[in-house]
Amino acid sequence: MKGSFPIEKFQTVRTPFYYYDTNLLRKTLEVLRTEIDRHSNYHLHYAVKANANPKVLRIIREAGFGADCVSGGEIKACLDAGFPAEKIVFAGVGKSDWEIDLALDANIFCFNVESIPELEVINQLAGAKGKIAHVSFRINPDVGAHTHANITTGLAENKFGIAMADMEKVIEIAASLTNVRFAGLHFHIGSQILEMGDFVALCNRINELQAQLEKHHIKVDNINVGGGLGIDYQHPNEVSIPNFCDYFRTYRKHLNLRPEQQLHFELGRAVVGQCGSLITRVLYVKQATYKQFAIVDAGMTDLIRPALYQAFHAIENLTSEEKKETYDVVGPICESSDVFVKAYDLNRCRRGDLLAIRSAGAYGEIMASGYNCRELPKGYTTEDFA
Ligand code: LLP
């Protein structure tokens, strides 16, 4: 064992693979449960897009949380994992008819609707089934977030949500339709956010919008503030569980909830990010003119975040205690961007060493691709190696 990794057992399976430390996942869920339970009107819908591995989903379902889905496939995965339909919300700017039908048949809790044409289609499809669909409107709050440009979503320039100026009109249209019922408002400003001030800005905006709606005697039963809480990619061991206490305290302090209003959260990364590592083997150590490369058997097809967002993931050599040396850790894919990290200090690497690419539980396995005809990486848990 190095840290909490069952290294001997790792030798029995083919690399690369994802390893999920389910003890850490369960501990994270316990902390979340304690924080959520301080408030009878707080609800967590785990953002399935972060990781839909069936074993991970089952553990999250067992902790009693709901699910935030963005496709028919995710809804199916959640139903298969045993999530109760009445805890499932369904978001996304482009829901296909079959996906809406699937959600209607399952009787999910709520659709997070992002446009008037979508609202009309949901009304029509629900009508055809003699059902009434609950709809929340995703409002684009035009609030920025201190994160990577590719993962901010709450600015007016982004494709997401309905403009604030159209909010009342949309609610009015919903009231005129027979097969939808206005259930609330939905927001999401971005991902990997560590500055609580960004969430404060969202709260302030929601307070303004609520005041505006109250003038028109519009009652909002549910407020959904999305997800976005970040994790500490630099210190996966020291900060293995995000500061949920601070996060929920921010909402408690700054959001003016009305009596009986329900507050919903859609955290993804903060739930699963730190429990996952991508385990890979060193194939070759190559000396170049000015540097050395550790060429590993995992690539950007297994974990695309460094290539796509210049994201940092800490790396550990699990099988070496030798003096540290500096490496560029790169994969085997035929792309220059197939680099995990540059000029990084690792215990001296030799062919066959096992490396753990840390904090890869969120947007790792789920974003893997088969480019170069590569096999998708498998996901193992602590129990698989018990
Ligand atoms: N709710 C909505 C409406 C979202 O769009 C997202 C993420 C979440 C919740 C969950 O956000 P989280 O709590 O995980 O930050 N692939 C990127 C992240 C994309 C996030 C997309 N939306 C990455 O690897 O960083």
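For the side chain to side chain contact (heavy atoms under 4.5 Å, CB included) test with Ile206, the passing option among Val143, Leu257, Leu185, Val225 is Val225; the others fail.
Placement of Val113 and Ile218 within a single hydrophobic cluster is found when ILVMFWY residues are connected by side-chain heavy-atom separations under 4.5 Å, directly or transitively.
A salt bridge does not link Lys378 with Glu365: every distance from a Lys NZ or Arg NE/NH1/NH2 to an Asp or Glu carboxylate oxygen is 4.0 Å or more.
A donor-acceptor contact shorter than 3.5 Å links the side chain of Asp232 to the backbone of His235. The backbone N or O of Glu8 sits nowhere less than 3.5 Å from a side-chain atom of Thr12 that would complete a donor-acceptor pair. Under the 3.5 Å distance criterion, the side-chain polar atoms of Gln274 are matched with a main-chain donor or acceptor of Val239. Judged purely by atom type and a 3.5 angstrom limit, Asn207 uses its side chain to pair as donor or acceptor with the backbone of His254. At distances below 3.5 Å, at least one donor-acceptor pair connects side-chain atoms of Gln261 with backbone N or O atoms of Val220. Between the side chain of Ser136 and the backbone N or O of Asn112 there is no donor-acceptor pair closer than 3.5 Å. In this structure, Arg138 contributes its side chain and Ala91 its backbone to no donor-acceptor pair below 3.5 Å. For the pair Ser320 (side chain) and Glu322 (backbone), a donor-acceptor distance under 3.5 Å is present. The closest donor-acceptor contact from the side chain of His188 to the backbone of Gly227 lies under 3.5 Å. Side-chain atoms of Asp338 come within 3.5 Å of backbone atoms of Ile333 as a donor-acceptor pair (strictly under, hydrogens ignored).
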Start with the C-alpha distance between Leu255 and Leu202, add both sets of side-chain angles, then the distance that settles side-chain contact (heavy atoms from CB on, under 4.5 Å), and finish with yes or no. CA-CA 9 Å; Leu255 187 63; Leu202 174 62; over 6 Å; no
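Looking only at atom types and distance, the side chain of Tyr20 has no donor-acceptor partner in the side chain of Ser277 under 3.5 Å away. Under 3.5 Å, the side chains of Thr15 and Asp297 contain a donor-acceptor pair of N or O atoms.
The aromatic rings of Phe385 and Phe10 stand perpendicular to each other, their planes meeting at an angle above 60°, with 30° marking the opposite boundary.
Taking NZ of Lys291 as the reference point, atom CD of Glu325 lies at 15.5 Å (rounded to 0.5 Å). Atom NZ of residue Lys95 and atom CD1 of residue Ile100 lie 7.0 Å apart, to the nearest 0.5 angstrom.
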